[in-house]
J.: 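Below is one structure. I have some questions about it.
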Number of protein chains: 2
Amino acid sequence: MRPTVNDIAREAGVSLATVDRVLNARPGVRAKTVMAVNEAIAKLGYVRDLAAANLARSRSYRMAAVLPDTESQFVQSLALALADAGSMAATSRVELDLLRFPAEDPHALATLLAALPGRGYSGVALMAPETPVLRDAVRGLRAKGLPVVALVSDLPNAGRDHFIGVDNRAAGRTAGVLMGRFLGGGPGQVLVLGSSLLARDMVERRRGFDEVILRDFPGLDTLPSLETHGSGALLRQVVTERLANAPGVRGIYAMGDGNRALTQVLGELGLSGRLTVICHELTPHARQALERGEITAVITQNLGHLARSTLRVLRAKADHLPLDEGQEQIRIEIVLRENLPLLSDSGQVSAVAAA
Amino acid sequence: MRPTVNDIAREAGVSLATVDRVLNARPGVRAKTVMAVNEAIAKLGYVRDLAAANLARSRSYRMAAVLPDTESQFVQSLALALADAGSMAATSRVELDLLRFPAEDPHALATLLAALPGRGYSGVALMAPETPVLRDAVRGLRAKGLPVVALVSDLPNAGRDHFIGVDNRAAGRTAGVLMGRFLGGGPGQVLVLGSSLLARDMVERRRGFDEVILRDFPGLDTLPSLETHGSGALLRQVVTERLANAPGVRGIYAMGDGNRALTQVLGELGLSGRLTVICHELTPHARQALERGEITAVITQNLGHLARSTLRVLRAKADHLPLDEGQEQIRIEIVLRENLPLLSDSGQVSAVAAA
DNA sequence: GTGTTTTTGAGGTACGTTCCTCATTTTGCA
DNA sequence: TGCAAAATGAGGAACGTACCTCAAAAACAC
């Protein structure tokens with residue numbers, strides 16, 4: 001049998017109350033006694049029964065996940081993955097509320113965040129661009145003892161407790177090496193598309209991509225990034241125009257969203273499957289395009305993993321417990337048609353069902 | 001507050017005892033009453049508090065992971081990942097014992113397995129080649145109520161409860177498409193190495209690989225598999241010999257173990273970094289070789305994930321609970337130098353430390 | 001050595017569930 | 001209608017921990 005607090009009390013020759021004081025770092029115990037108890041703990045190999053502890057504390061966790069109200073498939077999939085992880089976590093006294101904010105309104109976001117501490121939350125996961133207003137809001141939350149984790153895109157200067165997502169520079173490098181090798185090193189031109197050149201993620205991806213192409217594939221010519229601002233129409237226009245003027249284009253690197261519009265345009269131009277197309281995020285549509293051969297490779301992150309990780313990290317932070325860093329590291333995944341994961345990851349399934 | 005069993009009793013107008021009977025599927029409740037209780041459950045959105053339930057049951061789980069006593073880095077890493085997951089799971093009343101069997105002795109394995117039910121285990125995870133003796137042993141375990149999950153390599157005909165690992169055919173296809181694209185479709189020859197042509201995994205990988213090469217890259221010429229039987233010396237010999245006779249070799253697909261010997265040989269022949277080398281399993285050595293550019297790509301599975309998944313599945317099976325299939329699916333990961341995960345995945349770290 | 005403060009002990013209640021037992025009510029059947 | 005069987009209720013103990021109170025003991029200061 002596993003040792004319990006009673007066993008420790010007996011072993012250390014003290015009372016249960018004293019063991020309890022030591023275990024929970026309550027004051028009023030002599031250093032000597034603390035030592036004795038700790039020795040007993042070590043000797044018996046005691047591990048606190050977390051289930052029983054939480055039960056006794058009758059502690060429960062109410063977390064908030066705050067996402068932009070964008071309708072992009074990526075955010076939708078993420079929301080579903082989070083909701084899913086939340087409902088699974090209900091068995092362990094964790095509740096997750098999904099909150100949305102107007103994508104282009106940092107002040108509305110700040111107001112939303114400011115209201116959270118009053119509503120009984122014990123942690124916040126946040127996906128938002130880092131603005132000065134946001135930085136202050138995050139600091140405010142942390143000042144009130146609410147842990148804040150940044151989701152998908154980091155908030156390094158806001159002093160978040162943790163970042164859950166991938167290193168976008170490395171993701172860009174990965175795209176770069178795939179593009180370079182798939183094109184045999186050149187010669188040829190590569191079109192680069194991004195939603196906005198101001199977004200940190202886009203900048204980092206582009207930097208990583210160029211880094212690799214310049215160093216390892218000098219025969220390739222990467223064109224300046226084209227901004228699509230999340231608009232399908234705009235994407236359509238710039239891509240059509242550019243492809244008409246640049247007959248040497250052999251590859252397209254789509255750093256941002258709009259994969260749907262992209263594959264559509266390529267189809268209309270009769271270029272489906274004739275170019276090497278690399279994009280990010282395995283949304284339901286990207287998956288389809290991959291299956292049909294319209295997209296060559298997708299650089300992605302596992303949203304189910306990301307969602308579960310979010311809950312674990314929030315919980316650990318709320319309890320001031322250490323993390324299992326290895327488990328929380330989100331990997332940069334490369335998906336080709338051949339290693340497309342089966343369509344049974346809960347988040348993805350629901351996303352498709354909802355689409 | 002979350003509803004409890006008492007709330008359900010009140011809502012359904014029955015006693016706590018009856019609710020308990022329904023919840024735990026105990027006999028002696030009319031169908032009508034069962035319905036009423038279930039309605040109350042649905043109405044209040046009750047979710048059983050697993051922590052409290054397990055506490056009350058004072059249930060604990062003792063699991064066995066049975067691995068061959070091979071010293072390959074892969075098995076070592078797997079063992080460490082399992083040990084690690086086991087120690088993390090100690091907080092949730094799960095204990096994992098690592099057992100080893102002589103790699104080439106199916107009968108010793110069968111004896112080992114037969115002894116398990118008597119030793120208080122409530123589940124077994126097993127990595128072993130499927131032999132007739134093993135099939136019977138597995139059936140014996142299951143007949144005694146012990147769930148059995150196959151690890152890494154499947155035991156489809158032994159009636160295992162679950163398989164935790166990747167689809168090797170798809171892994172081979174993935175290797176194939178990478179090889180094909182990296183070589184620009186040809187012309188050129190590809191050397192294929194495997195530990196043994198009898199092992200199911202090798203056969204499936206080879207089949208997947210050929211499937212893609214034949215269909216999509218007819219310009220490439222894949223040579224017959226060379227067997228290395230886990231021996232570095234043998235690998236060295238056959239590779240040297242083959243490369244001397246076949247100057248057109250531009251790629252090597254290493255399906256089995258022996259990556260260490262392979263990179264060494266290539267180094268000695270002055271071919272490091274000059275060939276496209278694709279292998280399996282991100283062992284510490286493969287990681288190093290990847291960093292140095294001696295290996296181009298590694299097809300792998302996340303051992304930390306695999307280990308945690310094993311424990312979750314064993315536990316779910318022991319309790320006859322459903323699985324979160326999405327969470328348990330092990331993905332086929334493609335690792336290049338550019339998306340090499342940081343060296344903080346517990347299993348990998350320990351593996352390196354131990355190496 | 002007295003008085004004060006600090007440390008320790010003893011004991012209880014609570015958390016939400018499981019799993020008993022025994023008594024009582026309801027149901028089905030002859 | 002009566003009787004056995006089935007269904008339900010009432011209550012309690014247990015799981016391992018947290019957290020509370022009050023009393024007793026020990027350590028400390030002067």
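Residue numbers begin at 1 in each chain, while the letters A, B, ... track the order of the sequences.
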J.: What I'd like to find out is whether the side chain of A:Arg135 reaches to under 4.5 Å of the side chain of A:Glu130, using heavy atoms alone.
T.: yes
J.: Please name the residue in the list B:Val5, B:Asp7, B:Ile41 that meets the side chain to side chain contact (heavy atoms under 4.5 Å, CB included) test with B:Val19.
T.: B:Val5
J.: For a quick check, with a 4.0 angstrom heavy-atom cut-off, what is the B/S/- contact string for nucleotides 15-20 of chain C, read 5' to 3'?
T.: BBBSB-
J.: Does this structure show an ion pair linking A:Arg160 with A:Asp154, if we count only N-O contacts that are shorter than 4.0 Å?
T.: yes
J.: If I take atom NZ in residue B:Lys32 and atom P in nucleotide C:dT27, what distance separates them, rounded to the nearest angstrom?
T.: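 The answer, rounded to whole Å, is 8 Å.
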J.: Taking any atom under 4.0 angstrom from a heavy atom of chain A, which nucleotides of DNA chain D are the first and last to qualify, 5' to 3'?
T.: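 From 5' to 3', the first and last contacting nucleotides are D:dG16 to D:dA27.
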J.: State whether A:Arg30 places a side-chain N or O below 4.0 Å from either non-bridging phosphate oxygen (OP1 or OP2) of C:dT6.
T.: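 Answer is no, no contact under 4.0 Å.
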J.: Taking the side chain as C-beta and beyond, is there a heavy-atom pair between B:Arg331 and A:Asn302 under 4.5 Å?
T.: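 Touching, per the 4.5 Å side-chain cut-off.
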J.: Among all residues two or more places apart in sequence or in another chain, which pass the side-chain hydrogen bond (donor to acceptor under 3.5 Å, both in side chains) test with A:Arg30?
T.: none
J.: With a 4.5 Å heavy-atom cut-off, do B:Phe74 and B:Gln76 have their side chains touching?
T.: no
J.: Within a strict 4.5 Å, meaning less than it, do heavy atoms of the B:Leu113 and B:Leu134 side chains meet?
T.: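 Sidechains of B:Leu134 and B:Leu113: in contact.
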J.: Would you mind telling me which of A:Leu67, A:Val152, A:Leu109 makes a side chain to side chain contact (heavy atoms under 4.5 Å, CB included) with A:Leu126?
T.: A:Leu109
